[in-house]
Amino acid sequence: MAIDPVLIKKDFPILDRLVHGKRLVYLDSASSSQKPTAVIEAMSQYYETTHANVHRGVYTIAEEATRLFEAGRASVARFIGASSTSEVVFTKNVTEAINLVAYSWGRSNLNAGDVVVLTEMEHHSNLVPWLALKAERGIELRYLPVTDDGLLDLSNLDEILDGAKLVGVTAVSNVLGTINPIRLIADAAHAAGAMVLVDGAQLAPHLPTDVKALGADFFGLTGHKMLGPTGIGALWARAELLDAMPPFLGGGEMIRDVRLDGFTPNDIPWKFEAGTPPIAEAVGLSAAVDYLTAIGLPAVRDHERELTAYALTTLRDRYPDLVIHGPLDASLRGGVISFNYKDVHPHDLSQVLDESGVCVRAGHHCAKPLMRRLGVGATARASFSVYNDGADVDALVDALATADRLFA
Amino acid sequence: MPGLEDLYREIILDHYRNPRNRGELPIPPAYAETGFNPLCGDEITLYLQLDGDCVDDIKLTGQGCSISQSSASMMSTAVKGKSLAEARATIRKFKAMMSIHEQRLDGAEDGSEDDSGDAEDEVEVSLGDLEALQGVVKFPVRIKCATLSWNTLVQALDHLSSVQP
């Protein structure tokens, strides 16, 4: 069923506010999405009626809180096609999920000279943990290059994968929008004997996600980019991998027994969840997953693809000098459009657009190696979610005229 | 709410469109220092050539927004040919102007710009065109843009004073 953005917008209270006297046109969902009433109310209701620490008390509200928290885990597990809730570890975000893999799996499986393959379009969160491991113990990093069209260059895939132990790749670029052929890469990686880590930050909110169909061994998602709250994300990994991995952070919750001469870790997934977890956030993320599921991810994808196609066409028609990075075919990309306009710096573009209530991100988008590949210091980026519509794109296109007047 | 006209004054746009002292200087005798704004990815390389106690020449390369580029351009004209004491005084005065916002949060008086503690050494300088950047303080996110080249100049001056007797 097609999405009706007029109805959807009503679900997001923040879209009622004005900025500089103008309607808020929020085009920065790749950075962080807005939240529907269902998520906000689920979290406040939890705090108003149920809050207690989880996995501790035997009293009623503690049991209810534990049940809600674990129900959140089950929602996420179903949402991404996991076999079991024990494969879903709650983290802060994808950044922590990848760091968990690097610290726990990486430090017990990678030694000097071992190869990790990444791509030139990775977010810093899928670069820095591996660069740190390179500095710490001399692993070798190789990179899949990016073509001039903004796609991954897979022409030397087998050669680059030769001898690799892990491939870390983003499912959807947060800068270019490129939807990468994860299954193809995963099959080649597995044939080469490598594990596959998928950064799903920009995938899970926008496209149907099935970790097994992707061929992933590790998969990370972030709640606040998928209509949920900040402070919660998840790492999915196959149970046997998680079982074999040592704990990441130590503390409460992650143990079965602690003696003065040692400790025994808890079962998965709790083995990786030290300290009181983000409980209300799990409740909120569960509501977000329910909200997205009710719309249907295929419908979300259709809506955002049509919007992206409309934006690509309108921007290029109106501003022939606008440089759009990444593939120009909307079927190859998610709802993320990075662009540069003449010599106008993205900071100035974003500042001018704000005057019209239009929120776009300006900067390197935590992807400095990709900025260098594109030959720019920064880009402006408009990104879409379920609540955006053609009028939002028109507002962006119209507001760019002010930049023309001031700077061009 | 502050408007764009507070930020993008004509003189700022002029320095942005026609940056002064753009380019490189041979090293040595010049010294080069690179500054980064991790927020937006802007990079600036500053070439500084001293003649004894005087800023003999200064040039800048790099990329950035209208605020960082115009601030760098105006900075170069403000310190070129000046004594080191005057350059340091200009830096202090400019930074004080940029941090008016924070001082107000602290409840400090406007215009109490000198917190350097060495007022007896202070030489009188005028910010001139640089006053046009005053509007930036109404846009706190952009203060880092305006101060990028200044922080880079401080790094260069500190380095040169540490290697010279």
Side-chain angles (χ1 to χ4, degrees), chain A residues 17-22 24 28 31 123-124 127-128 174-175 323 325 338 340-381 399-408, chain B residues 1-19 22 34-46 60-74 98 101 132-149 151-152:
Chain A
R17 75 161 280 183
L18 303 178
V19 172
H20 301 288
K22 308 276 173 49
L24 179 66
D28 196 17
S31 184
H123 189 282
H124 293 165
L127 293 170
V128 178
N174 70 313
V175 174
V323 174
H325 304 287
S338 284
N340 289 87
Y341 185 52
K342 296 182 180 170
D343 287 334
V344 187
H345 192 279
H347 252 181
D348 291 320
L349 273 181
S350 180
Q351 189 88 59
V352 166
L353 294 177
D354 178 63
E355 190 84 350
S356 301
V358 177
C359 312
V360 302
R361 174 87 183 269
H364 52 62
H365 315 294
C366 298
K368 288 195 83 170
L370 179 57
M371 293 295 116
R372 293 193 177 99
R373 170 66 182 87
L374 297 174
V376 296
T379 75
R381 181 187 70 183
L400 279 170
T402 314
D404 232 355
R405 183 170 55 76
L406 266 176
F407 297 107
Chain B
M1 213 174 263
L4 288 179
E5 64 281 2
D6 294 311
L7 191 61
Y8 297 125
R9 306 270 180 80
E10 196 45 51
I11 192 152
I12 293 178
L13 294 176
D14 175 57
H15 275 269
Y16 172 56
R17 295 190 188 108
N18 309 295
R22 188 92 184 150
T34 299
F36 297 89
N37 181 349
L39 210 64
C40 61
D42 284 358
E43 288 182 26
I44 203 161
T45 301
L46 180 147
L60 294 142
T61 63
Q63 51 186 351
C65 65
S66 59
I67 301 302
S68 77
Q69 294 298 291
S70 63
S71 182
S73 170
M74 286 191 258
M98 282 300 114
H101 192 76
L133 283 163
Q134 191 146 23
V136 172
V137 295
K138 295 176 188 164
F139 299 82
V141 179
R142 306 300 295 276
I143 291 176
K144 280 203 168 75
C145 309
T147 51
L148 174 62
S149 57
N151 290 333
T152 312

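Predicted model, so just to flag it, every value in this text is computed and none were measured. Below, chains carry the letters A, B, ... as their sequence lines are ordered, and counting in each starts from 1. Side chains are part of it too, since the values below use all heavy atoms of this structure and drop only hydrogens, waters and symmetry mates.
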Exercise. When you look at B:D42 and A:H347, which way does the side chain to side chain donor-acceptor pair (under 3.5 Å) test go after all the steps?
Worked result: CA-CA 10 Å; B:D42 284 358; A:H347 252 181; 5.0 Å; no
Exercise. In terms of heavy-atom proximity below 4.5 Å to chain A, should B:E43 be classed as side chain, backbone, both, or neither?
Worked result: side chain
Seminar exercise, completed: Value for CG (B:L4) from OG1 (A:T402), rounded to nearest 0.5 Å, stands at 7.5 Å
Exercise. Do A:D348 and B:Y8 meet the criterion of a side-chain donor-acceptor pair at a distance under 3.5 Å?
Worked result: yes
For this session: Search all heavy atoms of A:H345 against all heavy atoms of B:Y16 and return the closest pair with its distance.
Result: N-OH, 3.8 Å
Exercise. Is B:K144 atom NZ crowded by more than 12 heavy atoms from other residues, nucleotides or ligands, each under 6.0 Å away?
Worked result: no
For this session: State the OG-CG distance between B:S66 and A:D343, to the nearest 0.5 angstrom.
Result: 12.5 Å
Seminar exercise, completed: Applying a strict 4.5 Å limit to non-hydrogen atoms, the region of A:R361 in contact with chain B is neither
